[in-house]
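Just so it is clear, the model here is predicted, and its values are computed rather than measured. Quick note on labels: first sequence line is chain A, next is B, and so on, each numbered from 1. Just so it is clear, the values below take in all heavy atoms, side chains as well, and ignore hydrogens, waters and symmetry mates.
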Number of protein chains: 2
Amino acid sequence: MPERKPRKDAVRNRAAVLAAADALFAGCERPEAVTMADIAEAAGVGKATLFRAFGDRTGLIRALFEARLEPVRTAVEEGEPPLGPAAPPLERVPALLDAVLCFKLDNRHLALALEGTGSDSPYQAPHYEKWHRTLRDLLARVPGLDDGGFAAHVLLAATRADLVEHLVGQERTGREQARAQLAAFTARLLGPGGGGRSVGTADSRAPASG
Amino acid sequence: MPERKPRKDAVRNRAAVLAAADALFAGCERPEAVTMADIAEAAGVGKATLFRAFGDRTGLIRALFEARLEPVRTAVEEGEPPLGPAAPPLERVPALLDAVLCFKLDNRHLALALEGTGSDSPYQAPHYEKWHRTLRDLLARVPGLDDGGFAAHVLLAATRADLVEHLVGQERTGREQARAQLAAFTARLLGPGGGGRSVGTADSRAPASG
DNA sequence: TTGCGAAACGGACCAGTGGTCCGTATCGTT
DNA sequence: AACGATACGGACCACTGGTCCGTTTCGCAA
């Protein structure tokens, strides 16, 4: 086992950086306005420490994102229906999309920072692959959707950070309204003959809020 | 009329810059690897000329994009069915989406450069507004889709440059395959009771190539 | 053709970014 | 206490988009 436990100042600094970055991204409007130097200063560490711990800017943002996303992930992977694996596709798909949407609503700046990294397309992030695979497998069990995952891509694209930001920020869409729209869209796609009519009508549960 | 005609060296340089940028973006893989200095040098002008003509990087890319898009735009605005205004929604929506997709396929790098500008969300570009409005108005005439334009956003998100890039570049999806997937998705969304079954089955017309 | 003011040019220049280097301080183990 | 390994930090680097201003070119008019 090549796992040598890291020094304790390293883990302390790592946590400090994560916390500082979280606060800065949450408080700032345009994510790219938060510089690495800002984060380092806010965390009370040198810039090199920050890069040593996370590799580069994308690495830091990704780590932050994954950390925040973790509760949602476990709820999906080992939770109970409608999010958990036991739920039938027609229930689970809307629940999953709603969870993703709520997460993006609750972590707008962070999601925006991650997807807007510029150089790296969001489609290469490891967590995207996972969401996509899960969704694709579910959709494969819905009659008439044998398109090899394209529908999954589109449904996830419906929750993209900049779109959410545009809806909420520019078009003055409210949280529940956004959830209802996504639910309606999903329902129409899933159940051409009617079927998912009572599963996704947005109640006010907030799967991923702080 | 405050329209003073520009000096001819200005228009010549503007054209040269546009052409150089077009070539560079088309030939390079990662659009952000094309720097403003590169474009200036390739065009044989100074950097300031480039900024004087287009304001900033986004302005240049946008100008290039609009120029390329122009034939598609006129085909949609004053062409004949199925793209033109005379076509009924159930035909025109798939045609329109197919046209957008083909355009993105034919101008991958450029579209990627535009949408990945970073600071500016794609949803604030003027041309997006136009596409969205057109699509929303069409969808409003389809029964059951009264969601105030959300579906239009999602359908356009299905043709986003980085998604297209991912499909074609990573998932090895072919051009016709991508078109067929989008057509199938659109058909399913439009015609839950069946209706758009024979309109969007991808033939090999290439609305925006060359 | 010549003259001249305005318009456009170009490349040195600037501010600010992500990312690295290396001498120094800290850790943790013996 | 001692000492090698590990991590620290901020000066430093390469490079970017964008600007400044002395110089050149244009277009009009005499």
Reckon R57(B) touches a base, only the sugar-phosphate, or nothing at all at heavy-atom distances under 4.0 Å?
->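 Answer is sugar-phosphate: R57(B) comes under 4.0 Å of backbone atoms only.
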
Could you tell me whether A48(A) contacts a base, only the sugar-phosphate backbone, or nothing, with contacts defined as non-hydrogen atoms closer than 4.0 Å?
->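 Base contact.
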
Start at the 5' end of DNA chain D and walk down; is the nucleotide closest to A10(A) or to F51(B) reached first?
->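 Here A10(A) is the residue nearer the 5' end.
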
The residue, R12(B) or T35(B), whose nearest nucleotide of DNA chain D is more 5′ is T35(B)

Output field: ring centroids F65(B)/F25(B) closer than 6.0 Å = no

Is it true that H153(B) and Y128(B) have ring centroids separated by less than 6.0 Å?
->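 Yes - the distance between ring centres of H153(B) and Y128(B) falls below the 6.0 Å cut-off.
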
Report yes if at least one side-chain N or O of T49(A) is closer than 4.0 Å to OP1 or OP2 of dG9(D); otherwise report no.
-> yes

Report yes if at least one side-chain N or O of N13(B) is closer than 4.0 Å to OP1 or OP2 of dC9(C); otherwise report no.
-> yes

When D56(A) and V45(B) are each assigned the nearest nucleotide of DNA chain C, the 5'-most assignment goes to V45(B)

If you check every side-chain atom of K47(B), which of dG28(C), dC13(C), dC12(D) has the closest atom?
-> dC13(C)

Atom [atom1] of [X] to atom [atom2] of [N]: distance rounded to whole Å?
{"X": "M36(B)", "N": "dA15(C)", "atom1": "CE", "atom2": "P", "value": "20 Å"}
{"X": "R14(B)", "N": "dC9(C)", "atom1": "CZ", "atom2": "C1'", "value": "16 Å"}
{"X": "D9(A)", "N": "dA25(C)", "atom1": "CG", "atom2": "C1'", "value": "10 Å"}
{"X": "R52(B)", "N": "dT25(D)", "atom1": "CZ", "atom2": "P", "value": "14 Å"}
{"X": "K5(A)", "N": "dT29(C)", "atom1": "NZ", "atom2": "C1'", "value": "10 Å"}
{"X": "L50(A)", "N": "dG18(C)", "atom1": "CG", "atom2": "P", "value": "10 Å"}
{"X": "R7(B)", "N": "dG27(D)", "atom1": "CZ", "atom2": "P", "value": "7 Å"}
{"X": "E32(A)", "N": "dG17(D)", "atom1": "CD", "atom2": "P", "value": "15 Å"}

With a 4.5 Å heavy-atom cut-off, do L112(B) and R108(B) have their side chains touching?
-> no

Hey, mind stepping through F51(B) and L60(B) against side-chain contact (heavy atoms from CB on, under 4.5 Å) and telling me if it holds?
-> CA-CA 8 Å; F51(B) 282 96; L60(B) 168 57; over 6 Å; no

Salt-bridge contact R160(B)-D162(A) (side-chain N to carboxylate O under 4.0 Å) = yes

